[in-house]
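One-based numbering, in listed order, for ligands and for the atoms of each. These numbers were taken from a predicted model, which means no experiment stands behind them.
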Amino acid sequence: MEPLRLADLHGSLADPVLAAMEFLNEVANRYPEAVSFAPGRPYEEFFDVDDLHHHLRTFHRYLVEDRGMDAAGARRTLFQYGRTKGVIHELVARNLAEDEGVRVDPEAVVVTVGAQEAMLLTLRALRADHRDVLLAVSPVYVGITGAARLVEMPVLPVRDGGAGLDLDDLVAVARRARREGLRPRGLYVVPDFANPSGASLDLTARRELIRVAEQEDLLVLEDNPYRLFGATEQRPPTLRALGGNRVITLGSYAKTGFPGARIGYAVADQPVDVGGGRTVPLADQLSRLKSMVTVNTPPVAQAVIGGLLLDHGLSLVKANAREIEVYRRNRDAVFDGLAARLPGAAELGVSWNRPSGGFFIVVTVPFPVDDALLERSAREHRVLWTPMHHFYGDGRPLPHLRLSVSLLTPERIEGGLDRLAAFLTEHAEAARAGGGR
Ligand SMILES: Cc1ncc(COP(=O)(O)O)c(C=O)c1O
(Lines give C-alpha, C1' and ligand atoms only; values in the text may rest on other atoms or scores of the structure.)
Protein backbone atom coordinates (compact mmCIF):
# COMPACT_ATOMS: atom_id res chain seq x y z
CA MET A 1 0.00 0.00 0.00
CA GLU A 2 1.09 3.61 -0.58
CA PRO A 3 2.41 5.29 2.58
CA LEU A 4 -0.11 7.46 4.39
CA ARG A 5 0.87 11.11 4.32
CA LEU A 6 1.51 12.76 7.68
CA ALA A 7 -0.21 15.84 6.30
CA ASP A 8 -3.38 13.78 5.90
CA LEU A 9 -3.37 12.70 9.57
CA HIS A 10 -4.38 14.78 12.56
CA GLY A 11 -2.39 18.03 12.85
CA SER A 12 -1.26 17.22 16.40
CA LEU A 13 0.97 14.46 15.01
CA ALA A 14 3.23 17.05 13.41
CA ASP A 15 3.20 19.25 16.50
CA PRO A 16 6.58 19.92 18.16
CA VAL A 17 4.98 19.38 21.58
CA LEU A 18 4.22 15.76 20.77
CA ALA A 19 7.58 15.23 19.09
CA ALA A 20 9.47 16.65 22.09
CA MET A 21 8.90 13.68 24.38
CA GLU A 22 10.04 11.24 21.71
CA PHE A 23 13.20 13.20 21.08
CA LEU A 24 14.09 13.37 24.79
CA ASN A 25 13.50 9.65 25.27
CA GLU A 26 15.49 8.86 22.18
CA VAL A 27 18.55 10.82 23.41
CA ALA A 28 18.30 9.08 26.80
CA ASN A 29 18.20 5.67 25.07
CA ARG A 30 21.20 6.49 22.90
CA TYR A 31 23.36 7.43 25.91
CA PRO A 32 22.38 4.90 28.58
CA GLU A 33 25.57 5.53 30.55
CA ALA A 34 24.83 9.26 30.89
CA VAL A 35 23.70 10.62 34.25
CA SER A 36 20.25 11.98 33.62
CA PHE A 37 18.76 15.00 35.36
CA ALA A 38 16.01 14.87 32.71
CA PRO A 39 13.01 12.73 33.67
CA GLY A 40 10.49 13.85 36.26
CA ARG A 41 10.10 10.29 37.47
CA PRO A 42 9.65 9.54 41.14
CA TYR A 43 12.39 7.90 43.23
CA GLU A 44 12.32 4.15 42.64
CA GLU A 45 14.51 2.68 45.38
CA PHE A 46 11.52 2.19 47.71
CA PHE A 47 9.35 0.33 45.18
CA ASP A 48 8.56 -3.15 46.54
CA VAL A 49 6.54 -5.80 44.69
CA ASP A 50 5.21 -7.17 47.99
CA ASP A 51 3.51 -3.80 48.59
CA LEU A 52 1.34 -4.35 45.49
CA HIS A 53 -0.06 -7.58 46.97
CA HIS A 54 -0.49 -6.00 50.35
CA HIS A 55 -2.39 -2.95 49.05
CA LEU A 56 -4.60 -5.15 46.87
CA ARG A 57 -5.55 -7.28 49.90
CA THR A 58 -6.20 -4.17 51.98
CA PHE A 59 -8.57 -2.84 49.33
CA HIS A 60 -10.34 -6.18 49.05
CA ARG A 61 -10.85 -6.20 52.83
CA TYR A 62 -12.24 -2.65 52.61
CA LEU A 63 -14.78 -3.74 49.99
CA VAL A 64 -16.01 -6.55 52.23
CA GLU A 65 -15.70 -5.01 55.69
CA ASP A 66 -16.32 -1.28 55.09
CA ARG A 67 -18.48 -1.33 51.99
CA GLY A 68 -20.38 -4.46 53.06
CA MET A 69 -19.93 -6.37 49.78
CA ASP A 70 -20.33 -10.12 49.67
CA ALA A 71 -17.57 -12.28 48.16
CA ALA A 72 -19.12 -12.21 44.67
CA GLY A 73 -19.55 -8.42 44.75
CA ALA A 74 -15.95 -7.81 45.82
CA ARG A 75 -14.69 -10.22 43.15
CA ARG A 76 -16.83 -8.55 40.52
CA THR A 77 -15.55 -5.10 41.52
CA LEU A 78 -11.98 -6.21 40.88
CA PHE A 79 -12.47 -8.38 37.79
CA GLN A 80 -15.37 -6.92 35.83
CA TYR A 81 -16.00 -3.82 33.77
CA GLY A 82 -16.82 -1.27 36.42
CA ARG A 83 -18.37 2.03 37.39
CA THR A 84 -17.19 4.61 34.83
CA LYS A 85 -16.38 7.21 37.50
CA GLY A 86 -14.28 4.65 39.36
CA VAL A 87 -14.34 2.53 42.50
CA ILE A 88 -11.97 4.48 44.77
CA HIS A 89 -13.88 7.79 44.59
CA GLU A 90 -14.73 7.72 48.30
CA LEU A 91 -11.10 7.12 49.21
CA VAL A 92 -9.99 9.99 46.94
CA ALA A 93 -12.44 12.28 48.76
CA ARG A 94 -11.27 11.03 52.18
CA ASN A 95 -7.64 11.63 51.20
CA LEU A 96 -8.41 15.24 50.19
CA ALA A 97 -10.13 15.75 53.55
CA GLU A 98 -7.22 14.18 55.43
CA ASP A 99 -4.28 15.91 53.71
CA GLU A 100 -5.89 19.16 52.57
CA GLY A 101 -8.90 19.74 54.81
CA VAL A 102 -10.98 19.90 51.63
CA ARG A 103 -14.50 18.41 51.49
CA VAL A 104 -15.59 17.12 48.11
CA ASP A 105 -18.59 15.01 47.15
CA PRO A 106 -17.32 11.55 46.10
CA GLU A 107 -19.93 11.64 43.31
CA ALA A 108 -18.00 14.58 41.81
CA VAL A 109 -14.82 12.50 41.53
CA VAL A 110 -13.90 10.76 38.27
CA VAL A 111 -11.03 8.31 38.65
CA THR A 112 -8.94 8.47 35.48
CA VAL A 113 -5.99 6.83 33.76
CA GLY A 114 -3.48 9.31 35.18
CA ALA A 115 -3.96 13.04 35.45
CA GLN A 116 -3.38 12.97 31.70
CA GLU A 117 -6.80 11.50 31.02
CA ALA A 118 -8.38 13.96 33.47
CA MET A 119 -6.84 16.78 31.44
CA LEU A 120 -8.02 15.33 28.15
CA LEU A 121 -11.60 14.79 29.37
CA THR A 122 -11.79 18.23 30.96
CA LEU A 123 -10.54 20.02 27.86
CA ARG A 124 -12.73 17.90 25.58
CA ALA A 125 -15.77 18.92 27.63
CA LEU A 126 -14.85 22.61 27.78
CA ARG A 127 -14.01 23.00 24.12
CA ALA A 128 -17.36 23.38 22.40
CA ASP A 129 -16.21 25.19 19.27
CA HIS A 130 -13.32 27.09 17.69
CA ARG A 131 -13.84 30.10 19.97
CA ASP A 132 -12.88 28.19 23.10
CA VAL A 133 -9.34 28.67 24.38
CA LEU A 134 -7.36 27.65 27.44
CA LEU A 135 -5.09 30.03 29.33
CA ALA A 136 -1.97 28.57 30.91
CA VAL A 137 1.00 29.92 32.80
CA SER A 138 4.07 29.79 30.59
CA PRO A 139 6.34 27.81 30.79
CA VAL A 140 3.86 24.98 31.02
CA TYR A 141 3.74 21.20 31.48
CA VAL A 142 3.68 19.58 28.05
CA GLY A 143 0.92 17.15 29.08
CA ILE A 144 -1.66 19.93 29.08
CA THR A 145 -0.49 21.54 25.84
CA GLY A 146 -0.49 18.11 24.21
CA ALA A 147 -4.01 17.35 25.45
CA ALA A 148 -5.18 20.76 24.23
CA ARG A 149 -3.66 20.04 20.84
CA LEU A 150 -5.56 16.74 20.65
CA VAL A 151 -8.89 18.52 21.18
CA GLU A 152 -7.83 21.44 18.97
CA MET A 153 -8.03 23.98 21.76
CA PRO A 154 -5.52 26.83 21.46
CA VAL A 155 -3.49 27.62 24.59
CA LEU A 156 -2.87 31.31 25.30
CA PRO A 157 0.23 31.85 27.45
CA VAL A 158 0.09 33.91 30.64
CA ARG A 159 3.35 35.32 32.00
CA ASP A 160 4.85 33.67 35.05
CA GLY A 161 6.41 36.98 36.11
CA GLY A 162 8.92 35.24 38.37
CA ALA A 163 6.30 34.55 41.08
CA GLY A 164 4.45 31.68 39.43
CA LEU A 165 1.72 33.79 37.79
CA ASP A 166 1.43 37.42 36.66
CA LEU A 167 -2.17 38.30 37.56
CA ASP A 168 -2.20 41.55 35.56
CA ASP A 169 -1.16 39.59 32.51
CA LEU A 170 -3.87 37.02 33.24
CA VAL A 171 -6.53 39.74 33.18
CA ALA A 172 -5.00 41.31 30.06
CA VAL A 173 -4.85 37.97 28.18
CA ALA A 174 -8.42 37.01 29.18
CA ARG A 175 -9.85 40.40 28.16
CA ARG A 176 -7.91 40.56 24.91
CA ALA A 177 -9.16 37.09 24.02
CA ARG A 178 -12.79 38.13 24.69
CA ARG A 179 -12.36 41.29 22.60
CA GLU A 180 -11.20 39.06 19.75
CA GLY A 181 -14.35 36.96 20.04
CA LEU A 182 -12.68 34.05 21.85
CA ARG A 183 -14.00 32.35 24.99
CA PRO A 184 -11.37 31.67 27.66
CA ARG A 185 -12.76 28.53 29.31
CA GLY A 186 -10.21 28.13 32.04
CA LEU A 187 -6.75 28.78 33.42
CA TYR A 188 -4.42 25.81 33.89
CA VAL A 189 -2.02 26.27 36.78
CA VAL A 190 0.34 24.17 38.92
CA PRO A 191 0.43 26.22 42.15
CA ASP A 192 3.13 24.28 44.01
CA PHE A 193 6.64 23.55 42.73
CA ALA A 194 5.50 23.73 39.13
CA ASN A 195 6.83 21.62 36.31
CA PRO A 196 9.09 22.95 34.81
CA SER A 197 9.77 26.22 36.68
CA GLY A 198 9.73 24.99 40.30
CA ALA A 199 7.69 28.13 41.11
CA SER A 200 4.98 28.24 43.80
CA LEU A 201 2.21 30.76 44.41
CA ASP A 202 2.19 32.33 47.86
CA LEU A 203 -1.01 32.69 49.86
CA THR A 204 -1.72 36.23 48.66
CA ALA A 205 -1.29 35.23 45.03
CA ARG A 206 -3.64 32.26 45.54
CA ARG A 207 -6.35 34.46 47.04
CA GLU A 208 -5.91 37.04 44.31
CA LEU A 209 -6.02 34.36 41.63
CA ILE A 210 -9.38 33.11 42.91
CA ARG A 211 -10.67 36.70 43.08
CA VAL A 212 -9.55 37.36 39.49
CA ALA A 213 -11.03 34.04 38.32
CA GLU A 214 -14.40 35.08 39.83
CA GLN A 215 -14.15 38.56 38.35
CA GLU A 216 -13.21 37.31 34.88
CA ASP A 217 -15.50 34.28 35.11
CA LEU A 218 -12.74 31.74 34.51
CA LEU A 219 -12.58 28.17 35.72
CA VAL A 220 -9.27 27.28 37.33
CA LEU A 221 -7.74 23.90 36.41
CA GLU A 222 -5.53 23.08 39.38
CA ASP A 223 -2.90 20.38 38.79
CA ASN A 224 -0.72 19.71 41.78
CA PRO A 225 1.34 16.51 41.61
CA TYR A 226 4.40 17.84 43.50
CA ARG A 227 2.62 19.70 46.30
CA LEU A 228 3.48 17.28 49.08
CA PHE A 229 7.19 17.32 48.34
CA GLY A 230 8.05 20.40 50.36
CA ALA A 231 7.98 21.42 53.99
CA THR A 232 4.68 19.92 55.19
CA GLU A 233 4.13 22.36 58.05
CA GLN A 234 4.11 25.43 55.81
CA ARG A 235 1.86 24.31 52.96
CA PRO A 236 -0.46 27.14 51.85
CA PRO A 237 -4.03 26.03 51.05
CA THR A 238 -4.80 24.51 47.67
CA LEU A 239 -6.70 26.63 45.15
CA ARG A 240 -9.61 24.19 45.63
CA ALA A 241 -9.60 24.96 49.39
CA LEU A 242 -9.80 28.68 48.61
CA GLY A 243 -12.01 28.67 45.54
CA GLY A 244 -14.38 25.71 45.95
CA ASN A 245 -16.04 24.76 42.70
CA ARG A 246 -14.50 27.68 40.82
CA VAL A 247 -11.69 25.10 40.60
CA ILE A 248 -11.55 21.80 38.72
CA THR A 249 -9.03 19.64 40.57
CA LEU A 250 -6.78 17.47 38.38
CA GLY A 251 -5.20 14.79 40.55
CA SER A 252 -2.30 12.40 39.99
CA TYR A 253 -0.99 9.51 42.06
CA ALA A 254 2.01 9.17 39.74
CA LYS A 255 4.40 10.89 42.15
CA THR A 256 2.66 10.32 45.50
CA GLY A 257 1.77 6.70 44.67
CA PHE A 258 3.58 5.30 41.67
CA PRO A 259 3.27 5.99 37.93
CA GLY A 260 2.91 2.32 36.96
CA ALA A 261 -0.61 2.31 38.38
CA ARG A 262 -1.58 5.11 35.97
CA ILE A 263 -4.19 6.44 38.39
CA GLY A 264 -5.36 10.04 38.56
CA TYR A 265 -8.67 11.81 38.99
CA ALA A 266 -10.70 14.93 38.39
CA VAL A 267 -12.90 16.59 40.97
CA ALA A 268 -15.53 18.36 38.89
CA ASP A 269 -18.45 19.49 41.06
CA GLN A 270 -19.42 22.41 38.83
CA PRO A 271 -23.17 22.26 38.15
CA VAL A 272 -24.15 21.69 34.51
CA ASP A 273 -27.63 22.78 33.48
CA VAL A 274 -28.92 19.89 31.38
CA GLY A 275 -32.35 21.44 30.79
CA GLY A 276 -35.70 20.70 32.33
CA GLY A 277 -34.64 22.50 35.48
CA ARG A 278 -32.05 19.81 36.20
CA THR A 279 -28.36 20.22 36.97
CA VAL A 280 -25.75 17.47 37.21
CA PRO A 281 -22.09 17.72 38.27
CA LEU A 282 -19.61 18.27 35.46
CA ALA A 283 -18.08 14.97 36.63
CA ASP A 284 -21.06 13.16 35.06
CA GLN A 285 -20.28 14.77 31.71
CA LEU A 286 -16.61 13.84 32.01
CA SER A 287 -17.76 10.31 32.80
CA ARG A 288 -19.80 10.22 29.60
CA LEU A 289 -16.72 11.18 27.61
CA LYS A 290 -14.59 8.69 29.53
CA SER A 291 -16.94 5.86 28.62
CA MET A 292 -15.79 6.38 25.02
CA VAL A 293 -12.09 6.83 25.79
CA THR A 294 -11.03 4.22 28.36
CA VAL A 295 -14.48 2.80 29.35
CA ASN A 296 -13.38 2.71 32.97
CA THR A 297 -10.07 3.00 34.78
CA PRO A 298 -8.61 -0.48 35.46
CA PRO A 299 -10.09 -1.53 38.83
CA VAL A 300 -7.01 -3.60 39.70
CA ALA A 301 -4.82 -0.50 39.47
CA GLN A 302 -7.41 1.54 41.40
CA ALA A 303 -7.44 -1.18 44.06
CA VAL A 304 -3.69 -0.96 44.58
CA ILE A 305 -3.82 2.83 44.97
CA GLY A 306 -6.94 2.57 47.14
CA GLY A 307 -5.15 0.04 49.35
CA LEU A 308 -2.09 2.28 49.54
CA LEU A 309 -4.31 5.12 50.79
CA LEU A 310 -6.00 2.86 53.35
CA ASP A 311 -2.66 1.46 54.51
CA HIS A 312 -1.55 5.00 55.40
CA GLY A 313 -4.67 6.24 57.14
CA LEU A 314 -5.81 8.01 53.95
CA SER A 315 -2.78 10.32 54.13
CA LEU A 316 -0.33 10.68 51.26
CA VAL A 317 1.80 12.89 53.48
CA LYS A 318 2.30 9.85 55.73
CA ALA A 319 2.71 7.50 52.76
CA ASN A 320 5.49 9.71 51.39
CA ALA A 321 7.45 10.46 54.56
CA ARG A 322 10.62 8.81 53.15
CA GLU A 323 10.20 10.29 49.68
CA ILE A 324 9.70 13.83 51.02
CA GLU A 325 13.03 13.46 52.82
CA VAL A 326 14.81 12.00 49.75
CA TYR A 327 13.67 14.87 47.51
CA ARG A 328 14.74 17.44 50.11
CA ARG A 329 18.14 15.74 50.39
CA ASN A 330 18.52 15.61 46.60
CA ARG A 331 17.57 19.27 46.11
CA ASP A 332 20.08 20.31 48.76
CA ALA A 333 22.74 18.09 47.18
CA VAL A 334 22.23 19.85 43.83
CA PHE A 335 22.18 23.37 45.35
CA ASP A 336 25.31 22.72 47.42
CA GLY A 337 27.02 20.71 44.70
CA LEU A 338 26.51 23.38 42.04
CA ALA A 339 27.73 26.13 44.37
CA ALA A 340 30.83 24.11 45.30
CA ARG A 341 31.70 23.27 41.71
CA LEU A 342 30.90 26.69 40.23
CA PRO A 343 32.27 29.25 42.70
CA GLY A 344 32.55 31.76 39.84
CA ALA A 345 29.00 31.12 38.59
CA ALA A 346 27.95 34.78 38.78
CA GLU A 347 30.90 35.95 36.67
CA LEU A 348 30.20 33.15 34.20
CA GLY A 349 26.57 34.25 33.94
CA VAL A 350 25.28 30.97 35.38
CA SER A 351 22.59 30.95 38.07
CA TRP A 352 19.79 28.70 39.33
CA ASN A 353 16.58 29.07 41.27
CA ARG A 354 16.10 27.46 44.70
CA PRO A 355 12.60 25.96 44.94
CA SER A 356 11.84 24.78 48.47
CA GLY A 357 10.10 21.66 47.21
CA GLY A 358 9.28 19.48 44.23
CA PHE A 359 11.45 17.83 41.60
CA PHE A 360 12.70 20.70 39.43
CA ILE A 361 15.44 23.33 39.38
CA VAL A 362 15.96 25.77 36.50
CA VAL A 363 19.50 26.76 35.55
CA THR A 364 20.01 30.01 33.63
CA VAL A 365 23.06 30.17 31.35
CA PRO A 366 24.68 32.78 29.08
CA PHE A 367 24.05 30.79 25.87
CA PRO A 368 21.00 29.54 24.00
CA VAL A 369 20.00 25.99 24.89
CA ASP A 370 18.63 23.89 22.05
CA ASP A 371 18.29 20.19 21.36
CA ALA A 372 21.62 20.05 19.53
CA LEU A 373 23.33 21.28 22.70
CA LEU A 374 21.63 18.56 24.73
CA GLU A 375 22.98 16.07 22.25
CA ARG A 376 26.51 17.47 22.71
CA SER A 377 26.12 17.40 26.48
CA ALA A 378 25.17 13.73 26.24
CA ARG A 379 27.95 12.83 23.81
CA GLU A 380 30.81 14.88 25.21
CA HIS A 381 29.95 15.08 28.92
CA ARG A 382 27.61 12.12 29.47
CA VAL A 383 25.04 14.23 31.31
CA LEU A 384 21.40 14.85 30.38
CA TRP A 385 18.91 17.56 31.30
CA THR A 386 15.87 19.12 29.60
CA PRO A 387 16.05 22.23 27.39
CA MET A 388 13.46 24.67 28.77
CA HIS A 389 12.27 25.68 25.30
CA HIS A 390 10.19 22.49 25.20
CA PHE A 391 7.87 24.03 27.79
CA TYR A 392 7.18 27.13 25.71
CA GLY A 393 6.20 25.29 22.59
CA ASP A 394 7.54 27.63 19.91
CA GLY A 395 10.86 25.78 19.51
CA ARG A 396 13.00 28.92 19.99
CA PRO A 397 16.13 28.11 22.05
CA LEU A 398 16.22 29.82 25.46
CA PRO A 399 19.07 30.32 27.92
CA HIS A 400 17.55 27.92 30.46
CA LEU A 401 17.66 24.21 31.22
CA ARG A 402 15.66 22.13 33.68
CA LEU A 403 17.20 19.72 36.15
CA SER A 404 15.11 17.06 37.81
CA VAL A 405 16.42 15.77 41.14
CA SER A 406 13.84 13.08 41.81
CA LEU A 407 15.25 9.86 40.39
CA LEU A 408 18.94 9.98 41.28
CA THR A 409 20.77 8.54 44.27
CA PRO A 410 23.31 10.79 46.11
CA GLU A 411 26.26 9.08 44.38
CA ARG A 412 24.75 9.59 40.93
CA ILE A 413 24.00 13.22 41.77
CA GLU A 414 27.62 13.88 42.76
CA GLY A 415 28.97 12.19 39.62
CA GLY A 416 26.37 13.94 37.47
CA LEU A 417 27.18 17.35 38.92
CA ASP A 418 30.87 16.90 38.06
CA ARG A 419 29.84 16.38 34.44
CA LEU A 420 27.23 19.12 34.46
CA ALA A 421 29.65 21.66 35.94
CA ALA A 422 32.22 20.79 33.25
CA PHE A 423 29.58 21.24 30.54
CA LEU A 424 28.31 24.54 31.96
CA THR A 425 31.83 25.94 32.44
CA GLU A 426 32.93 25.01 28.93
CA HIS A 427 29.97 26.63 27.24
CA ALA A 428 29.75 29.67 29.52
CA GLU A 429 33.43 30.39 28.94
CA ALA A 430 32.98 29.97 25.20
CA ALA A 431 30.03 32.40 25.31
CA ARG A 432 32.13 34.91 27.30
CA ALA A 433 34.98 34.59 24.80
CA GLY A 434 32.46 35.46 22.11
CA GLY A 435 32.36 31.95 20.72
CA GLY A 436 28.65 31.74 21.47
CA ARG A 437 28.60 28.02 20.72
C1 LIG B 1 2.43 19.08 36.04
C2 LIG B 1 2.17 17.63 35.92
N3 LIG B 1 0.91 17.17 35.94
C4 LIG B 1 0.64 15.85 35.92
C5 LIG B 1 1.65 14.92 35.83
C6 LIG B 1 1.38 13.44 35.92
O7 LIG B 1 0.39 13.01 35.18
P8 LIG B 1 -0.02 11.47 35.17
O9 LIG B 1 -0.86 11.24 36.42
O10 LIG B 1 -0.80 11.33 33.93
O11 LIG B 1 1.22 10.63 35.19
C12 LIG B 1 2.96 15.34 35.71
C13 LIG B 1 4.05 14.36 35.50
O14 LIG B 1 5.07 14.59 34.98
C15 LIG B 1 3.24 16.72 35.79
O16 LIG B 1 4.49 17.19 35.77
>> To check you understand the geometry: which heavy-atom pair defines the closest contact between Ser404 and Ala38, and what is its length?
In response: CB-O, 3.8 Å
>> Considering non-hydrogen atoms of the protein only, which is the closest contact for atom 1 (C) of ligand 1, and what is the distance?
In response: Asp223 OD2, 3.3 Å
> So, for Gly82 and Asn296, which heavy atoms are closest and what is the spacing to 0.1 Å?
Replying inline: N-OD1, 2.7 Å
>> Contact between ligand 1 and Gly264 is defined here as a heavy atom of the residue under 4.0 Å from a ligand atom; is it met?
In response: no
>> Under a 4.0 angstrom heavy-atom cut-off, which atoms of ligand 1 come close to Tyr188?
In response: 1 (C)
>> Among all the protein's non-hydrogen atoms, which is closest to atom 11 (O) of ligand 1, and how far away is it?
In response: Arg262 NH1, 2.8 Å
>> Tell me whether Phe360 reaches ligand 1 (any heavy atom closer than 4.0 angstrom to a ligand atom).
In response: no
> Counting from 1, what ligand 1 atoms have a heavy atom of Ala254 closer than 4.0 Å?
Replying inline: 9 (O), 11 (O)
> Considering distance alone, does some N or O of Lys255 sit under 3.5 Å from an N or O of ligand 1?
Replying inline: yes
>> Just to check, does Tyr226 reach to within less than 4.0 Å of ligand 1 when the distance is taken from its heavy atoms?
In response: yes
Identify all side-chain donor-acceptor contacts of residues 183-198 below 3.5 Å with residues at least two apart in sequence or on another chain.
from, atom 1, to, atom 2, distance (Å)
Arg183, NE, Asp132, OD1, 2.7
Arg183, NH2, Asp132, OD1, 3.1
Arg183, NH2, Asp132, OD2, 3.1
Arg185, NH1, Leu126, O, 2.8
Tyr188, OH, Asp223, OD2, 2.5
Asp192, OD1, Arg206, NH2, 2.8
Asp192, OD2, Arg206, NH1, 3.4
Asp192, OD2, Asn224, ND2, 2.9
Asp192, OD2, Arg227, NH1, 3.1
Asn195, OD1, Arg402, NH1, 2.6
Ser197, OG, Ala199, N, 3.1

> Got the closest protein heavy atom to atom 5 (C) of ligand 1, with its distance?
Replying inline: Tyr141 OH, 3.6 Å
> Which is closest to atom 7 (O) of ligand 1 by heavy-atom distance: Gly40, Gly114, Ala115?
Replying inline: Ala115
>> Check the orientation of Tyr43 and Tyr327. Use parallel for under 30°, tilted for 30 to 60°, and perpendicular for over 60°.
In response: perpendicular
> Got a second to check how far Leu308's CG is from Asp51's CG, nearest 0.5 Å?
Replying inline: 8.0 Å
>> One thing to verify: whether Asp284 and Lys85 come together as a salt bridge, which I'm taking to mean a side-chain N less than 4.0 angstrom from a carboxylate O.
In response: yes
>> Could you tell me, atom by atom, which parts of ligand 1 come under 4.0 Å of a heavy atom of Gln116?
In response: 10 (O)
> Are any side-chain N or O atoms of Gln302 and backbone N or O atoms of Val87, one a donor and one an acceptor, separated by less than 3.5 Å?
Replying inline: yes
> Heavy-atom distance to atom 9 (O) of ligand 1: which of Ser252, Ala147, Pro196 wins?
Replying inline: Ser252
>> Can you give me the closest heavy-atom contact between Asp217 and Arg178, atom names plus distance?
In response: O-NH2, 3.6 Å
> Does ligand 1 have a heavy atom under 4.0 Å from the side chain of Phe193, from its backbone, from both, or from neither?
Replying inline: neither
> Do Thr294 and Glu117 get their side chains close enough for a donor-acceptor pair, meaning under 3.5 Å?
Replying inline: yes
>> When you measure from the heavy atoms of Glu117 to every atom of ligand 1, does any distance fall below 4.0 Å?
In response: no
>> For His427 and Phe367, take the angle between the two ring planes, folded into 0 to 90°, and tell me which bin it lands in: parallel under 30, tilted 30 to 60, perpendicular over 60.
In response: tilted
>> Applying a heavy-atom cut-off of 4.0 Å, say which part of Pro225 lies close to ligand 1: side chain, backbone, both or neither.
In response: side chain
